[in-house]
Trainee: 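One structure coming up, written as structure tokens, with questions to follow.
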Amino acid sequence: MRMPIRAIFAATLALTAASCTDDAPPKPASGGADPSAARAPQAGGMIEVVVKYLGEPVVETLEINKDVEACGTDKQLQKFAVGPDHGLRDAVVALAGWKGEPTARTDPRPTLDQKRCEFHPRVLAMMPGELDILNSDGILHNIHTSSQANAPINKAQPRFRKVITESFDEPERIRVRCDVHSWMEGWIVILPHPYFGVTDYSGGTKIQNVPPGKHTIEVWYPALGSHRREVAVKDGQTSTVTFEIKG
Ligand SMILES: [Cu+2]
């Protein structure tokens, strides 16, 4: 198992303190300089990722006879959400195997909305922390997650309950469903670092402030699983990675 950077640094400090003093007890290792502070000015580079799905778009139309005023009378269920030029929407792109100490993201608290009886966004990526789950429909929904590392949630959200705030502390991909509307399906992807993005209809997304070096980029999409590529990142430069996933 690889030792975390901070732990190695702290151990070195403790050893130095012990060997340089006579009778005085070693200084506590935690009093040393923060190794991440020395790295802080590093702005890093950017990774532009494009994900293309080369198979046919798969869209199923489902007729609805429940809550039609809020939900509509049919739903277009996109198993593969493909835009122009094969761009795949809703793919999560992230550094894989990240071992360093990440800087925090400064995004506002993420939100998952239930609107027209669909989850928006369908695939949401976030760092561990709180998520606001909105009910814009004004009807009864039910948040039902399938998770292993985080506590499962099975909670009704009545029409008057506009926001439920939940915490997700462990990295995991979590499927979300609504027991009231069987077609509703979304994903919450919890990542242990800030180096990720979710693709739009062009299939593209950007990952900013990536520390320089060689990295592995992983793309994940619900119906396609994971694919990986290597990428080299340099300070102040943009690296481009294109995934072409066959159907
Ligand atoms: Cu619902």
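Fair warning: this is a prediction, and the values are worked out from it, not measured in the lab. Order of listing sets the numbers, starting from 1, for every ligand and every atom in it.
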Trainee: Compile the donor-acceptor pairs under 3.5 Å between side chains in residues 238-247 and protein atoms, sequence neighbours left out, one pair per line.
Mentor:
unit_1, atom_1, unit_2, atom_2, d
S239, OG, A232, O, 2.7

Trainee: Can you name the N/O/S atom of H141 that is nearest the Cu ion (ligand 1)?
Mentor: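 Per the distance ranking, H141 contributes ND1 as its closest N/O/S atom to the Cu ion (ligand 1).
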Trainee: Any side-chain donor paired with an acceptor under 3.5 Å for Q78 and R122?
Mentor: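 Their side chains do not contain a donor-acceptor pair, so the 3.5 Å distance test is not met.
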Trainee: Indicate yes or no: does K79 engage E60 in a salt bridge with an N to O separation below 4.0 Å.
Mentor: no
Trainee: To check your reading of the site, what angle at the Cu ion (ligand 1) do ND1 of H181 and SD of M184 form, to 10°?
Mentor: 100°
Trainee: Side chains of S136 and D113: is there a donor and an acceptor less than 3.5 Å apart?
Mentor: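 Yes.
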Trainee: Measuring to the Cu ion (ligand 1), does C178 have an N/O/S atom at a distance below 2.8 Å?
Mentor: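 Yes, within the cut-off.
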